[in-house]
Amino acid sequence: MTNKSASLNTGNGGMDLPILSGTVGPDVIDVRKLYGSTGMFTYDPGFTSTASCESKITYIDGDQGVLLHRGYPIEQLAEKSNFMEVAYLLLNGELPSKDEYNTFVNTISRHTMVHEQLVHFYRGFRRDAHPMAVMCGVVGALSAFYHDSTDINDPEQRRIASNRMIAKIPTIAAMAYKYSVGQPFMYPDNNLSYTGNFLKMTFGVPAEEYVVDPVIEAAMDKIFILHADHEQNASTSTVRLAGSSGANPFACIAAGIACLWGPAHGGANEAALNMLRQIGSTKNIKEYVARAKDKNDPFRLMGFGHRVYKNYDPRAKVMQKTANEVLDRLNVQDPIFDVARELEHIALNDDYFIEKKLYPNVDFYSGIILNAIGFPTTMFTVLFALARTVGWIAQWNEMIGDPSQKIGRPRQLYVGAGQRDYVDIASR
Ligand code: CMC
């Protein structure tokens with residue numbers, strides 16, 4: 001908080017608007033009293049200049065390519081931590097002690113099974129349904145199982161709901177996959193790590209023993225860390241907005257999943273791999289780069305550009321390294337990887353991309369890794385949702401725990417018809 005203020009002259013007089021400072025990052029102009037004082041709203045579709053809340057969870061400096069969770073750089077977390085520890089950090093604000101960590105991991109593993117009745121929900125979907133559609137439906141359905149026990153004003157009940165959600169989402173995601181390929185669902189194995197258990201539920205079958213490959217497990221865990229939270233992005237804002245009305249938390253997460261599905265957001269990893277396949281060979285890259293630059297062509301380079309990062313996305317750097325490790329481990333010679341590297345090189349040296357500050361984002365390389373591990377493209381966004389559930393829950397919890405929290409209710413600039421009289425259908 002500072003004593004600085006910004007003067008606003010509306011033509012009908014002026015007012016001073018307080019300027020608030022965060023720990024780091026740009027100051028913000030506090031416009032909360034603007035409407036009451038001037039009768040005017042601010043107009044900012046897409047929220048390009050609007051902070052929707054105060055938060056202590058994640059900080060991004062898009063110009064410097066910095067991403068911090070509770071102050072810790074993403075590169076350090078990806079290198080030294082693991083997904084369960086990052087989940088604890090996001091939820092609680094501090095890294096856990098050994099005991100806290102063990103208790104948390106144990107608690108999560110105690111909640112990994114889903115209610116047996118939930119299994120029947122899957123049967124209502126077509127086998128070829130997109131797994132994100134299945135995720136929206138099944139996660140939303142969790143609210144029918146846990147509604148009565150979720151008093152969101154009680155921090156302890158919120159903690160239980162959070163643990164349930166984080167524990168069950170890998171089971172639900174793996175079941176979405178199993179349903180699509182017609183294989184039996186696998187029960188969780190609580191002797192395995194969070195990520196190892198997810199791999200077993202996805203790729204294991206009851207007829208054979210499944211041995212988790214530590215390199216794949218580590219890569220997958222890293223992918224989860226890189227997707228765990230990203231401050232007030234579209235899906236997180238959706239979860240906060242849905243939750244601001246006091247709605248059931250599982251229903252709010254289902255709303256976040258719906259938002260994440262779009263190709264401009266979490267759906268970009270699927271779209272990026274499809275695009276690389278479509279390009280097919282390094283000799284076709286120039287043609288696609290030209291299309292991406294053509295204003296009359298809607299084609300965009302998927303996995304490029306970001307609303308906040310105007311420098312290299314720090315997650316993309318870790319992702320590129322992980323892609324190398326996984327392809328080496330699996331001994332995969334994927335021509336798509338050559339296309340990706342060459343496309344990145346060409347785009348980063350092209351004036352259009354330089355001027356617009358378009359760099360690879362987290363989704364550019366993730367699809368290559370997930371494809372090599374054996375996930376179908378339709379599962380990519382599901383994996384993003386699995387990891388981001390931790391961030392959504394942490395952000396939802398922070399919002400509900402904030403005593404100044406209000407229902408989110410944006411205003412609008414109305415440009416439709418003025419008041420007019422109804423005309424009977426015979427006279428139109
Ligand atoms: N390829 C070609 N041109 C692009 C691209 C791209 N990928 N991204 C932005 N531009 C151009 C755009 O045409 C516009 O040009 P002009 O100013 O001449 O009209 C300019 O750059 C600014 O773009 P914008 O759409 O106004 O920027 P935004 O901040 O609203 O959009 C974005 C950000 C991520 C939606 C966009 O860059 C995009 O569509 N990228 C491809 C999809 C993608 O990879 N999304 C994943 C984001 S990271 C993971 C996540 O958040 O889920």
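Counting begins at 1 with the first residue of the sequence. These figures come from a predicted structure and were not determined experimentally. All ligand and atom numbering here is 1-based and tracks the order in the structure. Atoms considered below: every heavy atom in the structure, side chains included; atoms not considered: hydrogens, waters and symmetry mates.
Partner Asp229 forms a side-chain hydrogen bond (donor to acceptor under 3.5 Å, both in side chains) with one of His69, Gln395, Arg388 and no other, that one being Gln395.
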Practice task
Before giving the answer on side-chain hydrogen bond (donor to acceptor under 3.5 Å, both in side chains), spell out for Thr50 and Asp44 the whole-Å C-alpha distance, their side-chain angles and the decisive distance to 0.1 Å.
Solution key: CA-CA 7 Å; Thr50 297; Asp44 185 19; 2.4 Å; yes
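In this structure Arg277 satisfies the salt bridge (Lys or Arg N to Asp or Glu O under 4.0 Å) test with no other residue, sequence neighbours excluded. Here Lys178 pairs with nothing under the salt bridge (Lys or Arg N to Asp or Glu O under 4.0 Å) rule; sequence neighbours left out.
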Find all protein N or O atoms under 3.5 angstrom from an N or O atom of ligand 1 and list the pairs with distances, or write 'none'.
from     : atom 1 : to     : atom 2 : distance (Å)
ligand 1 : 1 (N)  : Leu301 : N      : 3.1
ligand 1 : 3 (N)  : Tyr352 : OH     : 3.0
ligand 1 : 7 (N)  : Leu301 : O      : 2.7
ligand 1 : 7 (N)  : Phe304 : O      : 3.0
ligand 1 : 13 (O) : Arg300 : NH2    : 3.4
ligand 1 : 18 (O) : Lys295 : NZ     : 2.6
ligand 1 : 18 (O) : Lys356 : NZ     : 2.8
ligand 1 : 19 (O) : Lys295 : NZ     : 3.3
ligand 1 : 25 (O) : Arg300 : NH1    : 3.0
ligand 1 : 25 (O) : Arg300 : NH2    : 3.0
ligand 1 : 29 (O) : Arg307 : NE     : 2.8
ligand 1 : 30 (O) : Arg307 : NH2    : 3.0
ligand 1 : 39 (O) : Arg300 : NH1    : 2.8
ligand 1 : 40 (N) : Phe304 : O      : 2.9
ligand 1 : 44 (O) : Gly303 : N      : 2.8
ligand 1 : 44 (O) : Asn361 : ND2    : 2.9
ligand 1 : 45 (N) : Ala264 : O      : 3.3
ligand 1 : 51 (O) : His265 : ND1    : 3.3
ligand 1 : 52 (O) : His265 : O      : 3.0
ligand 1 : 52 (O) : His265 : ND1    : 2.6
ligand 1 : 52 (O) : Gly266 : N      : 3.3

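Here ring-ring contact (aromatic ring centres under 6.0 Å, His included) pairs that include residues 383-415, with residues two or more places apart or in two chains, are His227-Phe384.
Within a 6.0 Å sphere centred on NZ of Lys321, other residues, nucleotides and ligands contribute 12 heavy atoms or fewer.
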